[in-house]
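This report refers to the structure that appears directly beneath it.
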2 protein chains.
Amino acid sequence: MRISKVNKMHNLSKNQQIIFDLIDKSSEPLKAYAILFNVQKKGIKAPLQVYRALDKLVEIGKIHKIESRNAFIACQNSSCQVAKATAFSICEICEKVTEISSAGLSKYLANFKDKDGMKYSKYNLEFFGLCKKCR
Amino acid sequence: MRISKVNKMHNLSKNQQIIFDLIDKSSEPLKAYAILFNVQKKGIKAPLQVYRALDKLVEIGKIHKIESRNAFIACQNSSCQVAKATAFSICEICEKVTEISSAGLSKYLANFKDKDGMKYSKYNLEFFGLCKKCR
DNA sequence: TACACAATGTTATAATATAACATTAACCTA
DNA sequence: TAGGTTAATGTTATATTATAACATTGTGTA
Ligand SMILES: [Zn+2]
Ligand SMILES: [Zn+2]
Ligand SMILES: [Zn+2]
Ligand SMILES: [Zn+2]
C-alpha cells in the first residue's frame, strides 16, 4: 500500500481541514452557523460550504453530530473510524458534551436485539444529566 | 384524590388534544410543519401553536421527538409517563420508526455509569438499520 | 491526455424553531 | 365568588438550521 493510498483514506480537503481544525480545538460542540462565522476570514462564505464539509467529516467519523443540539464535536475516541456507533453525555446546565468510550456499552448495544430478533449495527445514544461541576 | 386531580395529571388542552390525536393516528413520525398543515382546518394557524403543544406533549411523555429526523411519534409504550428514557429503531430505507420497549435495555442504560462513575437518569437512543420489509 | 469523481463557489430558497407581546382560560384559595 | 396565579392561546415577525440547483475547479487514475 503506497503512502498516497494511506493518506487518501482520510485526507482532508482544504475546507474540510479548516472546519475540522476549528471543531477539534473547540472545547464545546459547535453549530453550523457559528462555524461559518468563524471561518469566513478563511474564505468560506456560504452555509453550503460548511454543511458539505460537515457531512463529509461526519461520514468518515472525524466528527459527530449531537442530534439533540444540532451541533458538532470532534471525535474524542481514536477508534471511531466511521460514524456508526456513538454515545455521549450531555450536561443539561452547562451543555458540556463528552463522548463516552465504554467497551461494555458498545458491546451491549452492538449485540442488542429487538423483539423481532433484529440487530442494529448503527446507533446514537445521548445521555442527559448534570456534570460534576454543575451538581 | 379527587377526579379533577386525577384527570389533571395529563388532561390535554384543546390544541394539545388536536395535535396528539393527529400524531397518535399517524402510522409514521410527523414533522411540525406537516402537523401544522393538517390542523389548519381546525383553527391552528401558526407554527408556534404547534410547537407549544408539541413541547408540552413531549414533556408529559405522550409523544417523543425523533431527534435525528426532527419528527414526532406517539408513545407506543404505555409506561412512558415522562420523556426521560427513550429508545427507537429507525429503518434507513422506509423511515419506519418503532419505539423499543425492552426491560433489559432500559435497565442496562438506567444503571450505566461512565468513567467518572456518573449515572444518568435520562437518555435517548436511536438504532438504525433495515426493517424486515426492507431487507 | 483523458476520464471519472470529489470538492468548490455561488445564489436562492426551504425547513425548522423561537422571540415578543397581548389576551383568554383554568385553577386554587381566601 | 372574588381575586390572584399559572397555563394556554393568538398573532406577527424573525431567527436558526439546512438544502436545491447549477456552474466550475481540483485530484487521482488509466
Ligand atoms: Zn467518536
Ligand atoms: Zn455542567
Ligand atoms: Zn414512550
Ligand atoms: Zn424499512
Side-chain angles (χ1 to χ4, degrees), chain A residues 1-23 28-60 62-73 83 95, chain B residues 1-23 28-73 95:
Chain A
M1 191 186 274
R2 287 177 301 154
I3 300 265
S4 63
K5 283 244 180 182
V6 173
N7 285 346
K8 191 199 167 189
M9 289 176 71
H10 295 313
N11 216 7
L12 301 184
S13 73
K14 179 167 134 280
N15 288 2
Q16 289 159 15
Q17 189 70 56
I18 290 168
I19 286 170
F20 174 72
D21 287 344
L22 180 68
I23 295 172
E28 58 188 3
L30 294 178
K31 300 189 151 225
Y33 278 70
I35 292 167
L36 175 58
F37 179 81
N38 269 280
V39 297
Q40 278 179 330
K41 60 181 87 72
K42 298 213 164 113
I44 296 175
K45 291 171 190 164
L48 198 45
Q49 294 175 288
V50 173
Y51 280 104
R52 284 197 284 224
L54 290 173
D55 284 350
K56 188 68 183 185
L57 292 167
V58 166
E59 185 190 323
I60 64 180
K62 298 281 286 183
I63 66 173
H64 303 301
K65 182 174 186 180
I66 310 301
E67 293 286 356
S68 66
R69 300 298 187 261
N70 297 318
F72 299 86
I73 189 174
E95 294 291 325
Chain B
M1 191 186 274
R2 288 176 299 153
I3 301 264
S4 64
K5 283 244 180 181
V6 173
N7 285 345
K8 190 200 168 189
M9 288 177 73
H10 295 314
N11 217 6
L12 301 184
S13 73
K14 180 168 132 277
N15 288 1
Q16 290 159 15
Q17 190 71 57
I18 290 169
I19 286 169
F20 174 72
D21 287 344
L22 181 67
I23 295 171
E28 59 188 5
L30 294 179
K31 300 189 152 226
Y33 277 70
I35 292 167
L36 175 58
F37 179 80
N38 269 281
V39 297
Q40 278 180 330
K41 59 179 87 73
K42 299 217 165 111
I44 296 176
K45 292 171 189 161
L48 198 45
Q49 295 175 287
V50 172
Y51 280 105
R52 285 197 283 223
L54 290 173
D55 285 350
K56 187 68 182 187
L57 291 168
V58 166
E59 185 190 323
I60 64 181
K62 299 280 287 181
I63 66 172
H64 303 301
K65 181 173 187 181
I66 310 301
E67 293 285 357
S68 66
R69 300 296 186 262
N70 297 319
F72 300 85
I73 189 174
E95 293 291 328

Exercise. Looking at Y51(B), does any N or O in its side chain come under 4.0 Å of the phosphate oxygens OP1/OP2 on dA17(C)?
Worked result: yes
For this session: State which of dT16(C), dG10(D), dT11(D) makes the closest approach to the side chain of K14(B).
Result: dG10(D)
Problem set entry | Nearest-angstrom distance from the residue atom CZ of R52(B) to P of dA25(C) | 15 Å
For this session: Could you tell me the separation between the CG atom of L22(A) and the CG atom of L30(A), rounded to the nearest 0.5 Å?
Result: 5.5 Å
Exercise. Roughly how many Å is it from CG in D55(A) to C1' in dA6(C), rounded to a whole number?
Worked result: 14 Å
Exercise. What's the shortest heavy-atom distance between Q16(B) and K56(B), and which atoms?
Worked result: NE2-CG, 3.5 Å
For this session: Compare the minimum distances between each of dT11(C), dA17(C), dT11(D) and the side chain of A46(A), then state the nucleotide with the smallest one.
Result: dT11(C)
Problem set entry | Trace of the side-chain contact (heavy atoms from CB on, under 4.5 Å) decision for L12(A) with I60(A) | CA-CA 10 Å; L12(A) 301 184; I60(A) 64 180; 3.7 Å; yes
For this session: Send over the distance from F37(A) CZ to dT16(D) P, rounded to a whole Å.
Result: 13 Å
Exercise. Has N15(A) got a side-chain N or O lying under 4.0 Å from the OP1 or OP2 atom of dG9(C)?
Worked result: yes
Problem set entry | Length of the NZ-P vector between K65(B) and dA15(C), whole Å | 16 Å
Seminar exercise, completed: note: I19(A), atom CD1; dG9(C), atom P; distance rounded to Å ~ 10 Å
Exercise. Under a 4.5 Å cut-off applied to non-hydrogen side-chain atoms, are L54(B) and I35(B) in contact?
Worked result: yes
Exercise. Rounded to the Å, how far apart are L54(A) CG and dA18(D) P?
Worked result: 9 Å
Exercise. Hey, which of these two, N70(A) or Q49(B), hits DNA chain D nearer its 5' end, going by closest nucleotide?
Worked result: Q49(B)
Problem set entry | Residue S13(B), side-chain heavy atoms: nucleotide from dT9(D), dA17(C), dT12(D) that is nearest | dT9(D)
For this session: Send over the distance from Q40(B) CD to dT11(D) P, rounded to a whole Å.
Result: 12 Å
For this session: Assess whether one donor atom and one acceptor atom, taken from the side chain of Y33(B) and the base of dA14(C), lie less than 3.5 Å apart.
Result: no
For this session: Check whether any side-chain heavy atom of D55(A) sits under 4.5 Å from a side-chain heavy atom of E59(A), and report yes or no.
Result: no
Exercise. Does K31(B) make a side-chain N or O approach to OP1 or OP2 of dA15(C) shorter than 4.0 Å?
Worked result: no
Problem set entry | Interatomic distance, L48(A) CG vs dC22(D) P [rounded to whole Å] | 14 Å
Exercise. Can you tell which of dA7(C), dG9(C), dT16(C) lies closest to the side chain of K56(A)?
Worked result: dA7(C)
